[in-house]
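Chain naming here is simple, since letters A, B, ... match the order of the sequence lines and numbering starts at 1 in each.
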Amino acid sequence: MHIQIQPSDELPIYKQIVRQVREGIASERISPGEKLPSHRELAQRLVIAPLTVKKAYDQLELDGAIETRRGQGTFVTAAPPVASLEDRRERLRTAVRRLLTDAWASGMSLEELLGLLTEEHAITHAERQSNSTEKESL
Amino acid sequence: MSLIEVNQLEFSYTTDVPTLRGFDLHIEAGSVVGLLGRNGAGKTTLLRALMGLMRPGKGTVKLFGADPVKEPIAVKQRIGYVSEDQILPEAWSLRQIVAMHREVFPNWDVEFAEELMVRFQIPGNKRVQEMSKGQARQVALLCAVAHRPELLILDEPGSGVDPVMRRELLETAIELLADSGSTILFSSHHVGDVERLANRIVVMDYGQVVLDAELDDLKEGYCVVTAPQDDEAARRLRGTPGFLSLRVKNNLLRAVFAASPEDLAGKLAGIPGAGASRVALEDLFIDLVGGAI
């Protein structure tokens, strides 16, 4: 899977990795059972401290998104557990606040923002559909 | 016991201006500490004191529980050190330098040394006097890491070398971390390099620690507050919990806080035009040491 980090970003590097793996799983770009690079590989590829990768994987493992199989490596869990609604709400709250601030700053009403969300939802949904068809045809 | 213990260290090159003023630093095994500070802040002096290259005026320096001035050999065998102006014998070839280090360090890892020679693409018969500045730095780094030291001390490893070589130096340090779990203390002006490698940041200014925090906490739990310049506003900012430093730039007060913008939300209400925002480490550093009022 393709992970990119931006060292100067305000989000800590380990959280950037956690977010990308979560997004990869949610958007089905990473499949259950897929092997993730080792701490060493990912640290070398991203040119970051190996402990940062460990911190990210520890968090993902705690979430149940990945699992370490002794002597084999780290894998995306077969069935990612569904976080409680409250957890999912909290996870998104910061992003939602930022979105609302941006919307207000550009003079957009809540209705207009909801319209935009619906529109984008339709587009990304269609993309995911075609992605999974591609995967099947492979 | 911490791997590095510096307590109340004082040192002066001249009689009137102290370079280190009551400096405290404790570093645990396995951490990677990035040392930031302006030129003249005392970074090199601190690192030289750790290497036992100078006797402290006051205070104590302990590495692995030992005094590096009294037990130089025992301490240095467990350390790799690259200084900004490494002095390698001019007429020696890379092979000769490597052979000499192999004699000195019982733990010398021949395979790792060979691997680094291949990576750096420096021919074994090349003499120091024929090397570029970057190549000489690579040789110094090779000699500092090939005995797989428990502690690696790097003084401005990236200064004066091109970005490609700087990245290779970084990659070599990462390989050492991955294989040996070494502790690293390095000073650098390249904040991006520090953000990639370090888990802890120590900012020093005028011979003292002005900030010492985990990098991840710094990103999430620190911010800069700006407000139009005004004496009453400055007084209030200083009195707000979490206040660290204040300076004026372009008629704006700029205060660094050990608090997130969310923490400060209700506390800045009485200060006209005040706003808190998260900033990149480089900007935080500049506001911290860029001159105060």
Salt bridge check, Asp212(B) against Arg200(B): does any charged N sit closer than 4.0 Å to a carboxylate O? yes

If one checks every heavy atom of Ile5(A) against chain B at 4.5 Å, the contacting part turns out to be side chain

Does the distance from a Lys or Arg side-chain N to an Asp or Glu carboxylate O, for Glu262(B) and Arg278(B), drop under 4.0 Å? yes

Is Arg22(A) paired with Asp63(A) through a side-chain N to carboxylate O contact shorter than 4.0 Å? yes

Using every non-hydrogen atom in the two residues, find where Ser2(B) and Ile27(B) come nearest and quote the distance to one decimal. CB-O, 3.5 Å

Identify which part of Asn199(B) has an atom lying under 4.5 Å from any heavy atom of chain A, answering side chain, backbone, both or neither. neither

Determine, for Arg166(B) against Asp162(B), whether the closest basic-nitrogen to carboxylate-oxygen distance falls under 4.0 angstrom. no

Check each atom of Leu215(B) against the heavy atoms of chain A and say whether the ones under 4.5 Å are side chain, backbone, both or neither. neither

Could you look at Leu177(B) and say if it's the side chain, the backbone, both or neither that has a heavy atom under 4.5 Å from chain A? both

Counting heavy-atom pairs under 4.5 Å with chain B, the top scorer among Pro12(A), Pro50(A), Ser8(A) is Pro12(A)

Selection from Val53(A), Ile48(A), Thr52(A) maximising heavy-atom pairs under 4.5 Å formed with chain B: Ile48(A)

